[in-house]
**Student:** 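Let me give you the structure first, and then I'll get to my questions.
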Amino acid sequence: MPLAFILLLLNLKFLLQATPTTATAADPKTLNITTIAANAQKESVIECWQLTAPFIASAAVGTSGAIFAQLGETGATSYGLIPAKFDGGMHNAPVVQWVAFLAGEAVVSLPNSTQTAIIHGGRYGLILAADTAKASTSGHITKYPSKKETVAIQIPTANNEIPSHSVLHGGACRQEES
Ligand SMILES: *[C@@H]1O[C@H](CO)[C@@H](O)[C@H](O)[C@H]1NC(C)=O
Ligand SMILES: *[C@@H]1O[C@H](CO)[C@@H](O)[C@H](O)[C@H]1NC(C)=O
């Protein structure tokens, strides 16, 4: 395994396990996340979700002074390299999972709607994909228009659970909400 990858996994493990301490009034923010969800008609929809779990100040060595939002217990994490100009076609989320785009670009669209979400790798690259075959009939379409590879880390939630949240609004979250 390449060293960078091992370091990444270690880092990720640390991030997911960072022990929360009491939140202070200075960190009131919650994490808002673009989500590919599904409605009662079993259609995929793009929504901006506000997670119930708040950002919590870390006291852990190395991150003291930073704030973390817990993503919950998670399952097998994978690292993916998606070719340049790749068309992922129409599909359902295989499981409920976080997808952290590190580089490149993903464009999510829906078969029967004009809603789209453009996700750039990097600072605003985390989304939740929850339109599993059980929840959505047709799923969504993902294209990767970048001239270089798109890099994504997929983090399934434990037991396919959808994190506790409220819907902020339809459509993708805006940068100023993240
Ligand atoms: C789009 O909507 C129509 C009408 O509701 C439906 O018959 C069709 O199956 C939908 N197509 C997809 C790909 O979901
Ligand atoms: C998430 O949205 C809420 C409500 O609009 C806002 O108060 C909060 O600051 C947002 N979180 C971030 C990290 O921007």
Side-chain angles (χ1 to χ4, degrees), residues 8-40 43-75 77 79-80 93 95-110 113-132 135-136 140 142 144 146 150-158 160-178:
L8 185 82
L9 284 181
L10 287 176
N11 242 326
L12 201 73
K13 203 163 170 232
F14 175 71
L15 205 120
L16 295 172
Q17 289 178 349
T19 332
T21 55
T22 337
T24 65
D27 332 304
K29 284 186 169 178
T30 49
L31 181 59
N32 307 320
I33 197 107
T34 297
T35 300
I36 309 166
N39 62 19
E43 295 162 331
S44 293
V45 290
I46 295 169
E47 290 176 340
C48 180
W49 285 11
Q50 178 170 35
L51 297 191
T52 307
F55 272 118
I56 290 175
S58 170
V61 180
T63 53
S64 179
I67 55 171
F68 288 87
Q70 301 299 316
L71 301 184
E73 292 294 315
T74 55
T77 297
Y79 177 93
V95 291
V96 177
Q97 61 185 359
W98 302 98
V99 185
F101 290 99
L102 304 184
E105 188 181 54
V107 178
V108 176
S109 59
L110 303 170
S113 153
T114 55
Q115 275 189 330
T116 57
I118 299 174
I119 304 114
H120 298 283
R123 166 67 179 84
Y124 300 102
L126 182 66
I127 64 161
L128 182 69
D131 65 335
T132 54
S136 167
H140 62 277
T142 313
Y144 304 89
S146 175
T150 291
V151 182
I153 294 181
Q154 296 182 318
I155 312 168
T157 64
N160 242 357
E161 270 164 32
I162 292 177
S164 173
H165 67 277
S166 57
V167 178
L168 271 186
H169 57 76
C173 297
R174 293 180 288 271
Q175 277 193 7
E176 62 269 23
E177 293 171 325
S178 309

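First listed ligand is number 1; within each ligand, the first listed atom is number 1. All values below come from the heavy atoms of this structure, side chains included, with hydrogens, waters and symmetry mates left out.
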**Student:** Between His165 and Trp49, what is the ring plane arrangement, given parallel below 30°, perpendicular above 60°, and tilted in between?
**Tutor:** parallel
**Student:** When rounded to the nearest 0.5 angstrom, what distance separates CG in Leu128 from CH2 in Trp98?
**Tutor:** 5.0 Å
**Student:** Give a table of atom pairs where an N or O of ligand 2 lies under 3.5 Å from a protein N or O.
**Tutor:**
{"residue": "ligand 2", "atom": "2 (O)", "partner": "Asn32", "partner atom": "OD1", "Å": "3.3"}
{"residue": "ligand 2", "atom": "2 (O)", "partner": "Asn32", "partner atom": "ND2", "Å": "2.4"}
{"residue": "ligand 2", "atom": "11 (N)", "partner": "Thr30", "partner atom": "O", "Å": "2.9"}
{"residue": "ligand 2", "atom": "11 (N)", "partner": "Asn32", "partner atom": "ND2", "Å": "2.9"}
{"residue": "ligand 2", "atom": "14 (O)", "partner": "Glu177", "partner atom": "O", "Å": "3.2"}

**Student:** Going from CD1 on Ile36 to OG1 on Thr132, what distance comes out if it is rounded to the nearest 0.5 angstrom?
**Tutor:** 11.5 Å
**Student:** What distance separates Tyr124 OH from Glu176 CD, expressed to the nearest 0.5 Å?
**Tutor:** 8.5 Å
**Student:** Could you point out which residue of Asn32, Thr30, Ile33 forms a side chain to side chain contact (heavy atoms under 4.5 Å, CB included) with Leu168?
**Tutor:** Asn32
**Student:** Evaluate the side-chain proximity of Thr157 to Ile162: yes if any heavy-atom separation is below 4.5 Å, no if none is.
**Tutor:** no
